[in-house]
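The next block holds one structure in the form of structure tokens; read it before the comments.
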Amino acid sequence: MYLEVDVKMIKRAGLQDAAVVAKMAARLWDTRVDEELKALFCGLIASREAAVFLAYEAQEAAGFAQCQLRHDYVEGTHTSPVGYLEGIYVEEAFRRRGVALQLLKACENWARGLGCVEFASDCELENKESFGFHLAAGFSEKNRIICFSKEL
């Protein structure tokens, strides 16, 4: 169950926020913060095809969400482009209080504003917390896949 919290501000990230976003993204994707990750977020922040939102509570960054337009086929959708939640992260102290739902709503509003009528996302099969969040946020499961690769 998710409780609503009064997050003081959800804002679209600017280039000055790239380091803050990269720090949280490194925790989300279990990687290290480096210039390449910061540059990636600078590119996303500057893109017309992507948006990054930050949640703040009392001047403290509580979380972020990254969304993009996808023009290729997105599993379970019927239109193009589709708004796509690429990543969402909430700091431990702010979890289970509705912050992620507010960030998701900002992403959905952004996609709607660009003419999207569908919004999609994904998560790893074993990520039960993310799976539960998606269901609680109104997503419906469309498919399960396991991806393979091999070196040639």
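- Every residue meeting the side-chain contact (heavy atoms from CB on, under 4.5 Å) condition with Glu141, not counting sequence neighbours, appears here in chain and number order: Phe131, Arg144.
- Here the shortest heavy-atom pairing between Val33 and Ala26 reads CG2-CB, 3.4 Å.
- Salt bridge status for Arg97 with Glu57: present, with a side-chain N to carboxylate O gap under 4.0 Å.
- In this structure, Asp34 pairs ionically with Arg32, as a charged nitrogen and a carboxylate oxygen lie closer than 4.0 Å.
- Placement of Val99 and Leu135 in two distinct hydrophobic clusters is found when ILVMFWY residues are connected by side-chain heavy-atom separations under 4.5 Å, directly or transitively.
- What you find for Leu28 and Gly87 is that their closest heavy atoms are CD2-CA, 4.1 Å.
- Linking Ile, Leu, Val, Met, Phe, Trp and Tyr whenever their side-chain heavy atoms come within less than 4.5 Å leaves Leu69 and Val117 in two separate clusters.
- The heavy-atom pair separating Ala100 from Ile88 by the smallest distance is O-CD1, 3.3 Å.
- For Asn127, the side-chain hydrogen bond (donor to acceptor under 3.5 Å, both in side chains) criterion is met by no residue, not counting sequence neighbours.
- Surrounding CD of Gln16 are more than 12 heavy atoms belonging to other residues, nucleotides or ligands, all under 6.0 Å away.
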Can you check side-chain contact (heavy atoms from CB on, under 4.5 Å) on Leu103 and Phe64, steps first, answer last? CA-CA 7 Å; Leu103 285 164; Phe64 86 99; 5.5 Å; no
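- Checking side-chain atoms of Glu118 against main-chain N and O of Thr79 turns up a donor-acceptor pair under 3.5 Å.
- When the side-chain contact (heavy atoms from CB on, under 4.5 Å) test is applied to Ser80, the partners found at least two apart in sequence or on another chain are His71.
- Within the model, atoms CG of Leu85 and NE2 of His134 stand 5.5 Å from one another, a figure rounded to the nearest 0.5 Å.
- Shown here are the salt bridge (Lys or Arg N to Asp or Glu O under 4.0 Å) partners of Glu91, two or more places apart in sequence or in another chain: Arg27.
- Residue Ala61 comes nearest to Phe94 through the heavy atom pair O-CE1, 4.3 Å, listed as atom of the first residue, atom of the second, then distance.
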Hey, mind stepping through Glu36 and Leu40 against side-chain contact (heavy atoms from CB on, under 4.5 Å) and telling me if it holds? CA-CA 6 Å; Glu36 188 176 327; Leu40 169 74; 6.0 Å; no
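- The side-chain contact (heavy atoms from CB on, under 4.5 Å) test applied to Asp30 returns no partner, not counting sequence neighbours.
- For the atom pair CD of Gln68 and SG of Cys107, the computed distance is 10.5 Å after rounding to the nearest 0.5 Å.
- By the salt bridge (Lys or Arg N to Asp or Glu O under 4.0 Å) test, Glu124 pairs with no residue at all, sequence neighbours left out.
- As a member of the Ile/Leu/Val/Met/Phe/Trp/Tyr network built from side-chain separations under 4.5 Å, Tyr84 groups with Val74, Val82.
- With Arg70 contributing its side chain and Pro81 its backbone, the two residues share no donor-acceptor pair below 3.5 Å.
- Residues passing the side-chain hydrogen bond (donor to acceptor under 3.5 Å, both in side chains) test with Glu108, sequence neighbours excluded: none.
- Taken to the nearest 0.5 Å, the CZ atom of Phe133 stands 12.0 Å off from the CZ atom of Arg95.
- Between Glu86 and Gln66 there is a side-chain heavy-atom pair separated by less than 4.5 Å.
- Residues Ala111 and Gly83 share a closest heavy-atom pair of CB-CA, 3.9 Å.
- By the rule that hydrophobic residues join a cluster once side-chain heavy atoms approach within less than 4.5 Å of another member, Trp29 and Tyr89 end up as members of one cluster.
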side-chain contact (heavy atoms from CB on, under 4.5 Å) between Leu104 and Phe119: does it pass, once the steps are laid out? CA-CA 10 Å; Leu104 173 61; Phe119 196 84; 3.6 Å; yes
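- For the side-chain contact (heavy atoms from CB on, under 4.5 Å) test, residues two or more places apart in sequence or in another chain that qualify with Ala51 are Arg12, Phe53, Cys67, Trp110.
- Tyr73 belongs to no multi-residue hydrophobic cluster, having no ILVMFWY side-chain contact under 4.5 Å with any other such residue.
- Every residue meeting the salt bridge (Lys or Arg N to Asp or Glu O under 4.0 Å) condition with Glu35, not counting sequence neighbours, appears here in chain and number order: Lys38.
- Considering only residues two or more places apart in sequence or on other chains, Asp17 meets the salt bridge (Lys or Arg N to Asp or Glu O under 4.0 Å) condition with Lys11.
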Begin from the C-alpha positions of Ile10 and Leu54 and carry the test side-chain contact (heavy atoms from CB on, under 4.5 Å) through to its verdict. CA-CA 6 Å; Ile10 300 280; Leu54 283 164; over 6 Å; no
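- Taking both residues in full, the closest heavy atoms of Ile45 and Leu15 are given as CG2-N, 3.7 Å, listed atom of the first, atom of the second, then distance.
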